[in-house]
2 protein chains.
Amino acid sequence: MTYCIGLRLNRGLVFMSDTRTSAGVDNFAVSKKMFSWTVPGERMITVMTAGNLATTQAMISLLEERSKTAEERDPSILRQTTMFQVARLVGATLKEVINESTGGGQEAADQFSASVIVGGQIGDGKPTIFLIYPQGNFIEVTDDTPFFQIGETKYGKPIIVRAYDPDMGFEEAIKLLLVSFDSTVKSNLSVGLPFDLQVYESDSFVGDRTRRIEDTDPVYQAISAGWGDALKSAFQKLPAYKL
Amino acid sequence: MTYCIGLRLNRGLVFMSDTRTSAGVDNFAVSKKMFSWTVPGERMITVMTAGNLATTQAMISLLEERSKTAEERDPSILRQTTMFQVARLVGATLKEVINESTGGGQEAADQFSASVIVGGQIGDGKPTIFLIYPQGNFIEVTDDTPFFQIGETKYGKPIIVRAYDPDMGFEEAIKLLLVSFDSTVKSNLSVGLPFDLQVYESDSFVGDRTRRIEDTDPVYQAISAGWGDALKSAFQKLPAYKL
């Protein structure tokens, strides 16, 4: 499994992904699941993937290859004029890879399946995030649904539902995501460190605010260790239920 | 779906279950999932169920029927001499009902499937809890794994992993379970109020410390509403992650 979140804030976007890939508990490795394409001053596009690794790697390779020879080949992720068109391209590429693996067979589609989060900003458009399904169609974040998760989404959802605020700053959002990821890691072996993090400030059109967060990272360790204590003191403030 | 937890503390046991049963979002109802058998001074047994409602109702009816005519019929849940024997009986009854529904077919077994938590105390034995699988076999709580969940278990697990302490009092444990259930209810439509609660104090052999917690319950409302604020103040105590 996998765990990725794309979060839309009023000041921009925050992406975080884990890096564990596994085919059973005795076959796991570190694999990057976050990929970015940037044209400074014009566009920043980030893609995160969950699901069959062969499918997602092939999809990224196709997007990558086509972006590198943009003059000759279409469609390219670097030539789409809106994020909506980018989402359509990524969806079509994902569907193409899955169809190739299954030979069109419905039955086998599940095992080659994958989900993708695509976010970023192009030109005058607003920063936005899309969740792309294996069928190639997709949905976009809204004020009511300002974040998307893929992979092992359940453990880390309650904390985001509770604590998300569109006005929060990047540092607070990172903290929130780290707590959500840490809760997931503590409950599920298929999600693991290091985490990949990217922060995108609206209208900046740069893709270099990234960080790989290792399990030795002192701030992550402090958040992970401190969250238990913080929760306990939070408990104390709640009223007791007398039976 | 469903959400049930059985928690072992040093001072006794705590059980909580939701009451929503659904076959699709347009077909849901309130249905009890917690059942108790008590012989004052001798035994207290509580069963919680998740899965196919026809299966779990039939299983409870069989256990109930056989307990009412204990003189004539065996096996009865009221005549087992240990909790281990109770778990074997419940497991065998569950397996019997599933086999009856499927006619022995492996393929259909999934749709009639169910899981069960059985806890309690008999005579000189210690209070304990078992998790029973559809196949009729089961596992018991240990010091390392002091609680079992069935149903929609993922949303509410992280908070229990973090805040559980075997020495905690009943009031604190109820608070913990209410937060875990509230996190689940806020994230998943298939789990709903009211909740059924039972507290069992070791060696008391009484089954009357129960409560049905409605969504209008003022303490539950205070915990539900207060938890968001408590989390936010807990956040403030964590260090910021500067990028």
Side-chain angles (χ1 to χ4, degrees), chain A residues 14 152-165 168-180 182-188 197-199 208-211 213 217-243, chain B residues 14 152-165 168-180 182-188 197-199 208-211 213 217-243:
Chain A
V14 185
E152 271 296 346
T153 62
K154 295 186 178 184
Y155 303 103
K157 187 177 176 188
I159 185 70
I160 298 185
V161 169
R162 291 283 196 176
Y164 168 84
D165 177 347
M168 71 200 312
F170 287 129
E171 288 183 7
E172 210 179 341
I174 294 169
K175 205 197 283 190
L176 173 61
L177 294 188
L178 282 177
V179 170
S180 176
D182 188 54
S183 296
T184 306
V185 166
K186 286 216 167 17
S187 295
N188 193 300
L197 165 69
Q198 183 183 5
V199 166
D208 59 356
R209 294 185 67 182
T210 61
R211 180 77 57 90
I213 301 172
D217 185 293
V219 180
Y220 168 66
Q221 285 184 341
I223 288 176
S224 177
W227 186 233
D229 294 336
L231 279 183
K232 275 172 194 164
S233 75
F235 258 124
Q236 304 307 326
K237 294 180 190 163
L238 295 177
Y241 198 98
K242 292 189 200 304
L243 188 65
Chain B
V14 185
E152 271 296 346
T153 62
K154 294 186 178 183
Y155 303 103
K157 187 177 177 187
I159 184 70
I160 298 186
V161 169
R162 290 284 195 175
Y164 168 84
D165 177 346
M168 71 200 312
F170 288 129
E171 289 183 7
E172 211 180 339
I174 295 170
K175 207 196 286 189
L176 173 60
L177 293 188
L178 282 176
V179 170
S180 175
D182 188 55
S183 296
T184 306
V185 165
K186 285 214 169 17
S187 295
N188 193 299
L197 165 70
Q198 183 182 4
V199 165
D208 60 353
R209 293 184 69 181
T210 61
R211 180 78 56 91
I213 301 172
D217 186 293
V219 180
Y220 167 67
Q221 285 185 341
I223 288 176
S224 177
W227 185 234
D229 294 336
L231 280 183
K232 276 172 193 165
S233 75
F235 259 125
Q236 304 308 325
K237 293 180 189 163
L238 295 177
Y241 198 99
K242 292 188 200 304
L243 188 66

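Numbered from 1 within each chain, the chains take letters A, B, ... in sequence-line order. None of the values given here were measured: they were computed from a predicted structure.
Only the side chain of B:I174 comes within less than 4.5 Å of a heavy atom of chain A; its backbone N, CA, C and O stay farther away. For A:L176, the parts lying near chain B are the backbone and the side chain together; criterion is any non-hydrogen pair under 4.5 Å. Neither the backbone nor the side chain of A:T153 comes within contact range of chain B; no heavy atoms are under 4.5 Å apart. In this structure, chain B has no heavy atom under 4.5 Å from any part of A:D165. Contacts of B:T184 with chain A are absent, with no heavy-atom separation under 4.5 Å from either backbone or side chain.
Among the candidates A:A230, A:G226, A:S187, the residue making the largest number of heavy-atom pairs closer than 4.5 Å to chain B is A:S187. Heavy-atom pairs under 4.5 Å with chain B peak, among A:E152, A:K242, A:R162, at A:R162. Ranking A:N188, A:I223, A:T210 against chain B, the residue ahead of the rest is A:I223, based on heavy-atom pairs under 4.5 Å.
Side chains of A:L238 and B:V179 form a contact here, defined as non-hydrogen atoms less than 4.5 Å apart. With contacts defined as side-chain heavy-atom distances shorter than 4.5 Å, the pair A:K154/B:Y155 qualifies. When side chains are defined from C-beta on, A:Y241 does not count as touching B:L177, because their heavy atoms never get closer than 4.5 Å.
Pairs engaging residues 226-235 of chain A under the side chain to side chain donor-acceptor pair (under 3.5 Å) rule: A:S233-B:K237 [sequence neighbours left out].
Atoms CZ and CG, on A:R211 and B:L243 in that order, are 5.0 Å from each other to the nearest 0.5 Å.
When all heavy atoms are compared, the tightest approach of B:A240 to A:E171 is CB-OE1, 3.4 Å.
B:S224 pairs by the side-chain hydrogen bond (donor to acceptor under 3.5 Å, both in side chains) definition with B:D182, B:K186, not counting sequence neighbours.
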